[in-house]
Amino acid sequence: MVEPEHVLVTGGSGYIASFCIAQLLGEGTPVRTTVRDRARETALRASVGKLVRADDRLEVVIADLHAEAGWHEACSGCTGVLHTASPIPSRSPRNDDDLVRPARDGALRVLQAARDAGVRRAVMTSSTAAVAYGSGGRSWPFTEADWSDPGARADSSAYERSKMIAERAAWDWHAREGGALELVTICPGAVLGPVLSPDFSASIDIVKRLIDGSLPGLPRFGWPLVDVRDIADLHVRALRVPQAANQRLIGAGPFTWMEDIARVLRENVPEVAAKVPRRRLPNWLVRLSAVADPVLRGRLFELGKQRPVSADKARQLGWTPRRNDAAIIDTANSLLAQGIVKPA
Ligand code: NAP
């Protein structure tokens with residue numbers, strides 16, 4: 001007899017989590033999810049409800065990555081865990097620990113509770129931040145064999161360091177104390193796609209700032225992109241496909257410069273085309289502007305760096321992500337549809 005699936009998704013108020021929850025519920029799998037504040041439950045149910053009927057098959061419990069309380073109860077009776085919760089701030093904190101503690105210690109709390117509850121497999125959301133940072137960019141793809149270097153502070157921010165440290169700690173713990181628990185880590189690129197509410201993930205700013213008229217030109221920044229629906233699909237696939245056990249999986253499409261994202265928007269989203277900048281900003285001007293802009297200053301290490309990744313391993317598990325263009329266009333259209341960005 002195969003045990004019926006019951007999945008815990010941590011951080012249910014999050015962008016990726018909403019789509020994971022919706023996919024699981026849509027496939028008939030009951031889901032438990034965590035929030036750190038009960039006040040988030042209504043918005044969470046509204047977001048998931050835009051994708052699928054979120055009834056009593058969705059249970060919402062309280063747990064915070066900073067504390068032990070709640071994690072054992074959250075894992076109890078679950079066959080699988082998708083651990084997506086982790087802070088992803090739009091501006092870097094002064095102190096790395098503000099991100100490293102919840103990312104690393106929180107992940108270990110969730111994994112320990114999962115092992116103790118007899119969960120079969122845990123899938124943890126890491127990032128290409130844990131793969132491709134520390135030694136600059138390169139023209140050939142990074143793979144799952146590559147690890148970012150948390151000591152190379154000139155080529156990362158606190159966020160990237162929190163992701164590399166957390167994923168490393170998870171694998172080290174798993175080798176020492178994981179017992180029968182299987183672990184998979186997913187390393188998404190920058191996640192785009194339809195937004196469900198005005199409370200969106202920091203990665204959506206990549207498209208929002210290109211269509212809301214707030215950028216004077218195009219800095220030489222770029223990312224490997226992935227659609228939120230595809231990354232949710234990869235999480236659910238990683239939970240189920242036997243060969244995924246104890247693997248690291250990169251989930252991202254081609255590396256795309258900001259000026260190429262801008263071109264896709266200009267050509268395909270006429271309502272905002274006039275607001276999308278055309279001019280490439282020279283690196284010296286971006287550096288000068290960063291003197292008065294702390295958010296930009298915190299991302300200067302990315303300037304001009306190409307970090308392509310290979311998702312061949314995920315594709316071998318049957319993962320077929322949509323084209324980057326579709327993710328970019330759907331992000332813009334959903335920002336317009338929600339009234340978050342006004343037409344030009
Ligand atoms: P998001 O919408 O900001 O979701 C982050 C989630 O983490 C929220 O539910 C948040 O809860 C929760 N969280 C943060 N600190 C917490 C704490 N101390 N205790 C409990 N929960 C906490 O971001 P997302 O894009 O969905 O990101 C989800 C995961 O994907 C993260 O692990 C992120 O690093 C990873 N990732 C994202 C991207 C991307 O481009 N978006 C790319 C690669 C990897 P609140 O709602 O209460 O704040």
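Numbering of ligands and ligand atoms starts at 1, following listing order.
A salt bridge links Glu302 with Arg299: the distance from a Lys NZ or Arg NE/NH1/NH2 to an Asp or Glu carboxylate oxygen falls below 4.0 Å.
Nearest protein heavy-atom neighbour of atom 48 (O) of ligand 1: Arg36 NH2, 2.8 Å. Among protein heavy atoms, atom 2 (O) of ligand 1 sits closest to Tyr15 N, 2.8 Å. Nearest to atom 18 (N) of ligand 1 among the protein's heavy atoms is Asp64 OD1, 3.1 Å. Counting only heavy atoms of the protein, atom 26 (O) of ligand 1 lies nearest to Ile16 N, 2.9 Å. The nearest heavy-atom contact from the protein to atom 5 (C) of ligand 1 is Ser86 O, 3.5 Å.
In the hydrophobic clustering (ILVMFWY side chains linked at under 4.5 Å, chained through shared members), Met164 is joined by Tyr133, Phe301. Trp257 forms part of a hydrophobic cluster together with Phe255, judged by ILVMFWY side-chain heavy-atom separations under 4.5 Å.
Numbered from 1 in the order shown, with element, the atoms of ligand 1 that lie under 4.0 Å from a heavy atom of Gly189 read 40 (O), 42 (C), 43 (C). Interface atoms of ligand 1 facing Ser201, defined by a heavy-atom separation under 4.0 Å, are 2 (O), 23 (O), 24 (P), 25 (O), 41 (N). Numbered from 1 in the order shown, with element, the atoms of ligand 1 that lie under 4.0 Å from a heavy atom of Arg40 read 46 (O), 47 (O). Each of the following atoms of ligand 1 lies closer than 4.0 Å to a heavy atom of Ser203: 39 (C), 40 (O), 41 (N). Taking every heavy atom of Pro188 and a limit of under 4.0 angstrom, the matching atoms of ligand 1 come to 43 (C), 44 (C). The atoms of ligand 1 that sit less than 4.0 Å from any heavy atom of His66 are 18 (N). Of all atoms in ligand 1, numbered sequentially from 1 with element shown, those under 4.0 Å from a heavy atom of Gly11 are 9 (O).
Surrounding CZ of Arg322 are more than 12 heavy atoms belonging to other residues, nucleotides or ligands, all under 6.0 Å away. Crowding of Arg94 atom CZ: a count of heavy atoms from other residues, nucleotides or ligands under 6.0 Å not exceeding 12. Applying the 6.0 Å contact sphere to CZ of Arg101 captures no more than 12 heavy atoms from other residues, nucleotides or ligands. Heavy atoms from other residues, nucleotides or ligands lying under 6.0 Å from CZ of Arg53 number 12 at most.
Tracing side-chain contacts under 4.5 Å through hydrophobic residues (I, L, V, M, F, W, Y), one never reaches Val110 starting from Ile186; they form parts of separate clusters. Val184 and Met124 are assigned to two separate hydrophobic clusters, defined by single-linkage of ILVMFWY side chains at heavy-atom distances under 4.5 Å.
Compare Asp37, Thr125, Leu196, Thr84 by their heavy atoms: the one nearest to atom 31 (C) of ligand 1 is in Thr84. Of the options Leu192, Val9, Leu82, Ile88, the smallest heavy-atom separation from atom 3 (O) of ligand 1 is shown by Ile88. Remark: among candidates Ser127, Ser13, Gly193, Ala85, the nearest residue to atom 10 (C) of ligand 1 is Ser13, based on non-hydrogen atoms. Closest heavy-atom approach to atom 38 (C) of ligand 1 among the candidates Val191, Leu65, Thr34, Leu44: Val191. Counting heavy atoms only, Ser126 comes closest to atom 44 (C) of ligand 1 of the residues Ser126, Ser47, Ala129, Ala202.
Ligand 1 has at least one atom lying under 4.0 Å from a heavy atom of Tyr159. Assignment of Ser162 to the shell around ligand 1 is not supported, since no heavy atom sits closer than 4.0 Å.
Ligand 1 has an N or O atom lying under 3.5 Å from an N or O atom of Gly14, backbone or side chain. For ligand 1, the polar-atom distance check finds no N/O of Ala190 at less than 3.5 Å from any of the ligand's N/O atoms. The shortest N or O to N or O distance between Pro102 and ligand 1 is not under 3.5 Å.
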query: Passes side chain to side chain contact (heavy atoms under 4.5 Å, CB included), Leu265 versus Val207? Steps please.
result: CA-CA 9 Å; Leu265 291 166; Val207 169; 4.2 Å; yes
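Remark: side-chain polar atoms of Ser203 are paired, donor with acceptor, to backbone N or O of Val191 under 3.5 angstrom. For the pair Arg266 (side chain) and Ala274 (backbone), a donor-acceptor distance under 3.5 Å is absent.
With a 6.0 Å cutoff to the six-membered ring centre and a 45° limit on the axis angle, Arg248 counts as a cation-pi contact of Trp147.
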